[in-house]
Amino acid sequence: MTTPRPTTTALADARIPAAHPFAEHLRRVAALDAAEPLRPWTPQDGPLPGLFLSHGGGPLPFEDPDWLGPLHDWARSLPRPKAILVVSAHWESAPLSVSADRPDELVYDFGGFDPMYHAFRYDTPDAGELARQVAGLMPDTEQPHRHNRRGLDHGAWVPLKIMYPAADIPVLQLSLPTDDPDRLLAVGERLRPLREQGVLVIGSGHMTHGMPYLTREMFLENQVPGWSADFDAWASEALDRGDVAELSRFRTAAPGMPYAHPTVEHFTPLFLTLGAATDPTAPVTTTLDGYSVGFSRRSFQVA
């Protein structure tokens, strides 16, 4: 029997220093997969949930067991998706656009970190079929532009590399075309049928993201400022009530604004996730909470 050739992702992962937390994560994942491989999704499972995940700062989650374990455990709690569609805060583009079916490069849209992270790979299978499915769900007047080269940005590939490190699931990125909650809810609703076909639909942002107000104490000691804690508590309560109308008024209703979101692109992917829910007004299931560098990393799934 011929041994399969290592993928470019696996070859790049092999160069990560053995003592690095992500190398330990890969060893843990390999042991879990050997003991109990992730079960593929089948129609009998019903629709996959929709996810909103806070994706962390640049490549920092690769260094933190408090990100690595919970994100991968979240993935293992679900059947293995047939494909993944991600809308990330880091690609704001209108009209609606999708990434390349199988891009040559990732988007390393971060700076000031170890150059090692610019050698990380996440080379997933061809996502052309998913791109055609997405196009089929959009009206003729809103057909998404298909890019030939654009890869996944760090709001997509960093959390997915932790959750599904083998890079063996097709991934497509959809642009964030607007900051209007109602329009994003409508886009999410159009994407809802994908969940019934085994596609994991993800809105990737951050529950609080006051980058201009990041302090040394926040970065080094995870000191949580009042504006971050207050906004998170408000959002948590609204999500528990299924109060989409209140969430949509976040610019004026949420405490901690505008410090929690001086620009809104890290919060608004939440509305696409809610739109993809079977019932956007149902309470969500929180899967990750707490803070990283003082920012809320609250993440959740919808049924």
Side-chain angles (χ1 to χ4, degrees), residues 21-22 25 51-74 88-90 109-114 117 153-156 158-159 162-163 176 179 181 202-244 246-274 283-302:
F22 188 65
H25 177 70
L51 276 51
F52 172 78
L53 60 84
S54 294
H55 57 241
L60 286 177
F62 291 131
E63 303 176 1
D64 189 348
D66 287 340
W67 284 101
L68 296 169
L71 281 177
H72 186 253
D73 291 346
W74 191 3
S88 160
H90 291 272
D109 49 341
F110 46 74
F113 297 97
D114 192 315
Y117 295 116
D153 63 48
H154 88 260
V158 168
I162 295 170
M163 297 173 79
L176 187 64
D179 62 10
I202 300 176
S204 176
H206 226 293
M207 188 55 71
T208 60
H209 195 256
M211 285 296 292
Y213 310 109
L214 182 67
T215 66
R216 177 181 177 85
E217 292 75 19
M218 291 170 65
F219 189 80
L220 296 180
E221 303 169 18
N222 195 23
Q223 184 181 95
V224 181
W227 50 259
S228 185
D230 291 347
F231 186 98
D232 177 64
W234 168 86
S236 174
E237 292 170 4
L239 289 165
D240 286 345
R241 296 194 309 269
D243 196 340
V244 178
E246 174 73 356
L247 291 163
S248 297
R249 293 191 293 269
F250 72 96
R251 289 179 177 87
T252 55
M257 289 294 286
Y259 300 98
H261 289 284
T263 57
V264 302
E265 75 288 338
H266 277 75
F267 186 67
T268 52
L270 171 148
F271 295 104
L272 184 133
T273 299
L274 293 177
V284 306
T285 300
T286 298
T287 53
L288 186 65
D289 57 12
Y291 296 85
S292 176
V293 299
F295 296 159
S296 168
R297 59 178 193 166
R298 183 172 302 279
S299 305
F300 60 83
Q301 66 184 48
V302 298

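On a predicted model such as this, the values are computed, not experimentally measured, just so you know. Residues take their numbers from the sequence shown, with the count starting at 1.
- Contact detail for Pro21 and Phe62: the closest heavy-atom pair is CB-O, 3.8 Å.
- His90 and His55 are linked by a side-chain donor-acceptor pair at a separation below 3.5 angstrom, with hydrogens and angles left out of the test.
- Thr263 and Glu265 make their closest contact through OG1-OE1, 2.8 Å (heavy atoms, listed as atom of the first residue, atom of the second, distance).
- Remark: Leu53 CG to Leu270 CG distance equals 11.5 Å, nearest 0.5 Å.
- To the nearest 0.5 Å, the span separating CG on Asp179 from NE2 on His261 amounts to 12.5 Å.
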Legend entry - Pair Phe52-Met207, side chain to side chain contact (heavy atoms under 4.5 Å, CB included): steps then yes or no: CA-CA 9 Å; Phe52 172 78; Met207 188 55 71; 3.9 Å; yes

Inset, instruction - Carefully, step by step, assess Thr273 and Phe300 under the rule side chain to side chain contact (heavy atoms under 4.5 Å, CB included). - result: CA-CA 9 Å; Thr273 299; Phe300 60 83; 4.1 Å; yes

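- Taking all atoms of both residues into account, the shortest heavy-atom contact from His266 to Pro269 is C-CD, 3.9 Å.
- A salt bridge is defined here as a Lys NZ or Arg NE, NH1 or NH2 lying under 4.0 Å from an Asp or Glu carboxylate O, and Arg249 with Asp243 fails to meet this definition.
- Taking both residues in full, the closest heavy atoms of Met163 and Leu51 are given as CE-CD2, 4.1 Å, listed atom of the first, atom of the second, then distance.
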Inset, instruction - Decide yes or no on salt bridge (Lys or Arg N to Asp or Glu O under 4.0 Å) for Arg297 and Asp232, but give the supporting numbers first. - result: CA-CA 9 Å; Arg297 59 178 193 166; Asp232 177 64; over 6 Å; no

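- From Leu60, atom CG reaches atom CZ of Phe110 across 9.5 Å, with rounding to the nearest 0.5 Å.
- The minimum heavy-atom distance linking Ser228 with Phe295 is given by the pair OG-CA, 3.8 Å.
- Contact annotation: the side chain of Glu246 approaches that of Trp234 to within less than 4.5 Å [non-hydrogen atoms, C-beta and beyond].
- Side-chain atoms of Asn222 come within 3.5 Å of backbone atoms of Val293 as a donor-acceptor pair (strictly under, hydrogens ignored).
- Distance alone, capped at 3.5 Å, places no donor-acceptor pair between the Asp240 side chain and the Pro283 backbone.
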Inset, instruction - Applying side chain to side chain contact (heavy atoms under 4.5 Å, CB included), run through Gln301 and Trp74 and close with a yes or a no. - result: CA-CA 10 Å; Gln301 66 184 48; Trp74 191 3; 2.8 Å; yes

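- Donor-acceptor pairing under 3.5 Å is recorded for the side chains of Asp153 and Ser88.
- Within the 3.5 Å criterion, the main-chain N or O of Arg298 finds a donor-acceptor partner in the side chain of Ser54.
- Aromatic rings of Phe267 and Phe231 (six-membered ring for Trp) have centroids within the 6.0 Å cut-off, being under it.
- Taking a 6.0 Å sphere around OH of Tyr117, one finds it holds more than 12 heavy atoms contributed by other residues, nucleotides or ligands.
- Between the CG atom in Leu71 and the CD1 atom in Ile162 there is a gap of 5.5 Å [rounded to 0.5 Å].
- Taking each heavy atom of Gly294 and Pro225 in turn, the nearest pair found is O-CD, 3.6 Å.
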Inset, instruction - Please report the C-alpha distance between Phe250 and Leu247 in whole Å, then the side-chain angles of each, then the deciding distance to 0.1 Å, and finally whether the side chain to side chain contact (heavy atoms under 4.5 Å, CB included) criterion is met. - result: CA-CA 5 Å; Phe250 72 96; Leu247 291 163; 5.9 Å; no

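- The closest side-chain donor-acceptor pair between Ser296 and Thr208, if any, does not fall under 3.5 angstrom.
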